[in-house]
Amino acid sequence: MVRPKTEEEIELLRINGDLVSRTLAEVGKMVAPGVTTAKLNEMAETFIRDHGAVPSFKGFEGFPAALCMSVNDVVVHGFPSERPLEEGDIVSVDCGTLYKGYNGDSAYTFPVGEVDSETRKLLDVTKASLYKGIEAAVAGNRTGDIGYAVQSYAESFGFSVVRELEGHGLGKEMHEDPGIPNYGRRGHGARLQNGMVICIEPMICAGGRGVYLAKNGWAVHTSDHRNAAHYELTVVVRHGKAEQLSTFDYIEKDGSIKF
Ligand code: MG
Ligand code: MG
């Protein structure tokens with residue numbers, strides 16, 4: 001059984017959601033050809049700590065950095081590196097915070113400079129599939145309704161859905177029940193109820209859905225080495241509806257950034 005969050009807990013999760021959202025926007029301002037993901041990671045860690053929070057990924061099961069930086073065929077859990085980003089790359093940035101005992105968790109895939117039209121479509125469709133999932137995150141629905149919404153949308157464009165990784169509940173722990181798969185059948189899975197805080201995070205591949213784990217034990221690559229995108233938001237089911245606790249508005253509504 002999942003214990004619904006109290007209003008006080010939801011407020012702390014909202015503060016964390018706001019901080020991860022603003023951190024991703026800070027990263028987005030700096031994403032450009034020639035910049036290293038190590039540099040972006042360093043800047044983000046400083047930003048998070050300056051706001052009195054801790055980067056929750058750092059040290060989690062031995063993960064070495066504040067952010068996951070997953071470039072091109074890396075779906076998730078990439079390490080920041082000294083390889084400069086290149087025009088036409090995409091970089092999926094996953095950010096977690098811990099503040100006053102609660103977690104924040106969101107991700108965004110940024111284009112580096114100009115990307116080709118197929119890649120642009122992958123980004124747009126993956127993000128739109130996330131919003132389809134959020135629309136389905138209403139009280140009384142089940143996790144399978146979210147998965148179905150994400151999957152049916154993404155696959156209608158010929159893209160594929162990673163099955164090995166999924167979204168999750170969020171609270172004092174970074175990963176809580178229930179799991180939120182990005183594929184599924186309507187009416188199946190755990191029932192959503194008011195007070196549930198979940199992260200929905202489609203991982204969508206331009207080609208096939210096969211993935212493998214890199215030798216470092218972390219980075220998940222597409223088997224065909226085609227691009228994958230990853231967008232994640234935290235939502236609470238509240239008053240029956242899905243209410244976002246994190247947002248891409250800081251990235252997209254600031255006129256200076258064109259994502
Ligand atoms: Mg995440
Ligand atoms: Mg997550």
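Whatever order the structure lists ligands and atoms in, that order sets their numbers, starting from 1. Model, not experiment: these values are computed from the prediction.
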Q. Can you name the N, O or S atom of D94 that is closest to the Mg ion (ligand 1)?
A. OD1
**Q.** Expected output: side-chain S70 to main-chain H77 donor-acceptor under 3.5 Å
**A.** yes
Q. Checking only N/O/S atoms, does D105 have one that is under 2.8 Å from the Mg ion (ligand 1)?
A. yes
Q) Do you know which two heavy atoms are closest between R142 and G189, and how far apart they sit? A) NH1-O, 2.9 Å
Q) Which single N/O/S atom of E201 lies at minimum distance from the Mg ion (ligand 2)? A) OE2
Q: Could you tell me whether the side chain of V74 reaches within less than 4.5 Å of the side chain of H221, counting heavy atoms only?
A: yes
Q. Given OE2 of E232 on one side and NE2 of H168 on the other, what angle do they make at the Mg ion (ligand 2), to 10°?
A. 110°
Q: Using side-chain contact (heavy atoms from CB on, under 4.5 Å) as the criterion, point out the one residue from N141, D145, I146 that pairs with R186.
A: D145
